[in-house]
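Below: one structure, written as structure tokens.
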Amino acid sequence: MLDIKYILANKAEYADVLKNRHHDFNLDVLVGLDERRRKIIGETEDLKAKRNEGSRKIGSAKNNPGLDVNALKAEIKAMGDKIKSLDAELAEVETELHTHLMTLPNKLSETTPIGNDENDNPVVRKWGKPKKFDFEPKPHWDIAEALGIMDFEKGVMLAQSRFTVLKGLGARMERALVNFMLDMHTKKHGYLEVEPPFMVRSAILEGTGQLPKFAEDLYKLQNDDLWLIPTAEVPLTNLNRETILEEKDLPLYYTAYTPCFRREAGSAGRDVRGLMRQHQFDKVEMVKICTPETSYDELEKLTNNAGEVLEALDLPYRVVNLCSGDIGFGSCKTYDLEVWLPSQNKYREISSCSNCEDFQARRMNLRYRPADGGKIRFAHTLNGSGIAVGRTLIAIIENYQNEDGSITIPKALVPYMDGLERINIR
RNA sequence: GGAGACGUGGCCGAGUGGUCGAAGGCGGUUGACUCGAAAUCAACUGAGCGGCUUGCCGCUCCUAGAGUUCGAAUCUCUACGUCUCCGCCA
């Protein structure tokens, strides 16, 4: 959520942001609502001041019983009725204003490029070289099914399409990757490991921006105000909601392994085969809470932390800077990490690292007290995949495939696989 | 799930209808004392919103929501949470 004061004071600038994000909205609606709001506040506060004064008078009249306060009581009672109706009107206006503000996207960083779609995302850097195969590299679903480590039909049988069963060394490698990533972030990068709830209530999802706008992408429980988390970003970022942190305690680094649940509404027909786009997938997530001064440095570090996972696994990848037409609702700047997939002959998203500045902090009232004694300010929040586990499994299977259908285990992962160096056809 | 108790500021804790944003304490900041520290003493120490003459004035907030009243931290109802006992259970 943005500050209404910011929007009104920078209307033209923010109107451009909306245009570049392809978000159609007339900001004059907000101008009118804010004017109404302030007018009502003026009237109601005036009346309340008078009421308080009158009530005090009646209170002090206790000491002098001769005074008749009945007329005054009636007068104040009438005032009270007027206040009640004004307050109801105010609540209506504020709800409407709030509804608009909650559905308006974040502003953009100056370093976020203007563009239409993913084709306009500039490549920031590349790491590693795609391996040349002297045979036709297969897609991961062929390799994994032949090895008996993934069962797509069983996933459909138990749930529906876009669910998969991992078996044997497939399930084992998934677990190994989780441990490998968590170890790196906790031991090397200084993140605090967290195991959050996998279900959260509506207000929590409003805090990070998934609600109220994107309910159709989420799984909701039938009998409770609880939703399955689409990413650990949601519980981790909300961990300090409605509190005032001390600057000396910042930045905070959190990491968590969680399953993620997404309905993938609107993705019909895309990545229908394999493990690429699932309704349930594992992810190790990183979240940072820091001051405005440091958030863009922290974004660079966060992105590097994600990149290091791929480098340790020796998987070629590139970093792209998402343009205004492709960037997410709550983010000012996002780097996507894209891993090389030989079977598709292209780079595919495996991590997304974003600086949300104070957009989420404002929604969840997450603030900090500056060390110099200045005014309390909203913190900045960042999140990034560190990284998507299922897609890492895909990348390993495809990049480390051998002509005989076996898979070599990346060196860094061998200790996590009890020394196993290769998964062979049985 | 059943019965009971309770939810007050960063923390502890007083307050059962009238200047209560809330005593007292702890913590914190600043100053005095000190070579320095500790101890001691003194002062200060919540947030949000609105107005204008930018320093002040006003409004709101004692878990949340609704109600009673001229007036609610205080009374009533509901929700949520915490604790204790019982039942059940991984």
Side-chain angles (χ1 to χ4, degrees), chain A residues 1-9 30-102 195-207 221 223-227 235 238-250 252 259 289 358-379:
Chain A
M1 185 164 72
L2 292 169
D3 188 355
I4 179 72
K5 287 181 196 154
Y6 160 81
I7 296 178
L8 297 181
L30 300 186
V31 178
L33 283 170
D34 188 60
E35 272 169 13
R36 267 183 74 198
R37 171 179 152 266
R38 291 215 312 275
K39 182 165 166 284
I40 299 169
I41 286 175
E43 287 175 30
T44 189
E45 287 192 351
D46 217 42
L47 282 169
K48 281 176 185 170
K50 281 189 189 130
R51 177 177 69 179
N52 290 345
E53 196 193 344
S55 292
R56 257 176 261 139
K57 248 185 231 166
I58 293 171
S60 56
K62 266 180 150 181
N63 307 326
N64 109 17
L67 220 80
D68 181 29
V69 292
N70 287 332
L72 189 53
K73 275 190 188 179
E75 194 185 320
I76 298 176
K77 173 109 176 137
M79 244 180 243
D81 293 343
K82 178 73 179 161
I83 288 169
K84 200 175 257 184
S85 77
L86 278 175
D87 275 348
E89 200 185 333
L90 179 64
E92 230 170 81
V93 172
E94 285 189 329
T95 301
E96 199 179 335
L97 194 55
H98 188 248
T99 302
H100 285 306
L101 288 175
M102 287 294 275
E195 165 140 334
F198 300 162
M199 293 179 244
V200 296
R201 59 201 170 80
S202 301
I204 302 303
L205 286 152
E206 282 167 10
L221 296 225
N223 297 322
D224 302 275
D225 176 32
L226 287 173
W227 308 68
N238 275 282
L239 223 39
N240 297 285
R241 80 198 318 273
E242 277 150 47
T243 56
I244 301 172
L245 300 164
E246 297 296 330
E247 180 171 354
K248 67 175 164 55
D249 297 327
L250 300 179
L252 295 171
I289 295 164
D358 67 2
F359 186 80
Q360 296 179 323
R362 199 177 288 282
R363 288 169 164 251
M364 62 180 74
N365 207 16
L366 163 58
R367 296 171 294 172
Y368 75 97
R369 200 183 305 279
D372 64 9
K375 253 183 80 93
I376 291 166
R377 306 161 77 190
F378 287 106

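Numbers restart at 1 for each chain; the letters A, B, ... are given by sequence-line order, proteins then strands.
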Check your understanding: Could you state the NZ-P distance from A:K73 to B:rU69, rounded to the nearest angstrom?
Key -> 11 Å
Review point. If we take the P atom in both B:rA38 and B:rU63, what is their distance in whole Å?
Key: 37 Å
Exercise for review: Examine B:rC59: is either OP1 or OP2 under 4.0 Å from a nitrogen or oxygen in the side chain of A:K48? Give yes or no.
Suggested key: no
Check your understanding: Below 4.0 angstrom, N of the basic side chain to O of the carboxylate: do A:E43 and A:K39 qualify?
Key -> yes
Revision key, fill the gap. Partner of B:rU19 under the Watson-Crick or G-U wobble criteria, both distances under 3.5 Å, comes out as none
Practice item. Determine the contact category for A:K50: base if any of its heavy atoms lies under 4.0 Å from a base atom, sugar-phosphate if only primed atoms, P, OP1 or OP2 are that close, otherwise nothing. Key: nothing
Check your understanding: Reckon A:K84 touches a base, only the sugar-phosphate, or nothing at all at heavy-atom distances under 4.0 Å?
Key -> sugar-phosphate
Exercise for review: Could you state the atom-to-atom distance from CG of A:L90 to P of B:rC61 in whole Å?
Suggested key: 13 Å
Exercise for review: Please tell me which of the listed nucleotides, B:rC70, B:rG50, B:rU19, lies nearest to the side chain of A:R37?
Suggested key: B:rG50
Practice item. Inspect the contact between A:D46 and A:K82 and indicate whether a charged nitrogen and a carboxylate oxygen are less than 4.0 angstrom apart. Key: no
Point to revise | RNA chain B: 5'-proximal contact among A:E53 and A:L72 (nearest heavy atom) | key: A:E53
Review point. Quick one: A:L47 CG to B:rG51 P, roughly how many Å, whole number?
Key: 17 Å
Check your understanding: Taking the P atom of each, how far is B:rA64 from B:rU8, in whole Å?
Key -> 11 Å
**Study point:** Nearest-0.5 Å distance that lies between atom CZ in A:R38 and atom CD1 in A:I40
**Key:** 12.0 Å
Study note, to complete from the structure: If pairing means Watson-Crick or G-U wobble with both distances under 3.5 Å, then the partner of B:rA39 is none
Exercise for review: Could you please name the option among B:rG48, B:rC70, B:rG50 that lies closest to any side-chain atom of A:K375?
Suggested key: B:rG48
Exercise for review: Please check the phosphate of B:rG71 (OP1 and OP2 only) for any side-chain N or O of A:N52 closer than 4.0 Å.
Suggested key: no
Exercise for review: Using atom CD of A:E242 as one end and atom P of B:rG48 as the other, report the distance to the nearest whole Å.
Suggested key: 14 Å
Review point. Quick one: A:R367 CZ to B:rG10 P, roughly how many Å, whole number?
Key: 10 Å
Point to revise | Between B:rA22 and B:rG58 - P atom distance, rounded Å | key: 13 Å
Check your understanding: What is the base-pairing partner of B:rC49, counting Watson-Crick and G-U wobble geometry with both distances under 3.5 Å?
Key -> B:rG58
**Study point:** N-O pairing of A:K77 and A:D81 below 4.0 Å
**Key:** no
Check your understanding: Which is true for A:I244 with a 4.0 Å heavy-atom rule: it touches a base, it touches only sugar-phosphate, or it touches nothing?
Key -> nothing
Point to revise | P gap between B:rG1 and B:rA79, integer Å | key: 12 Å
Check your understanding: Nearest to the side chain of A:S55 - B:rC49, B:rG71, B:rG51?
Key -> B:rG71
Check your understanding: Any salt bridge between A:E94 and A:R37, counting N to O under 4.0 Å?
Key -> yes
Study note, to complete from the structure: Checking B:rG18, B:rC59, B:rU68 against the side chain of A:I58 (C-beta onward), the nearest is B:rG18
Exercise for review: Measure the distance from CZ on A:R51 to P on B:rU19 and round it to the nearest whole Å.
Suggested key: 15 Å
**Study point:** Flag, side chain of A:D358 to backbone of A:F378, donor-acceptor distance under 3.5 Å
**Key:** no
Exercise for review: Kindly say if A:K248 contacts the phosphate of B:rG28, meaning a side-chain N or O under 4.0 Å from OP1 or OP2.
Suggested key: no
Practice item. Report the residue (A:G54 or A:I41) whose heavy-atom-nearest nucleotide on RNA chain B is the more 5′ of the two. Key: A:I41
Point to revise | Minimum-distance nucleotide (side-chain atoms of A:R56 versus B:rG51, B:rU19, B:rU68) | key: B:rU19
Point to revise | Counterpart base for B:rC77, defined by Watson-Crick or G-U wobble contacts under 3.5 Å | key: B:rG65
Review point. Quick one: A:R369 CZ to B:rG46 C1', roughly how many Å, whole number?
Key: 8 Å
**Study point:** Spacing of A:E94 atom CD relative to B:rC61 atom P, expressed in whole Å
**Key:** 14 Å
Study note, to complete from the structure: B:rU82 -> Watson-Crick or G-U wobble partner, both distances under 3.5 Å, gives B:rA5
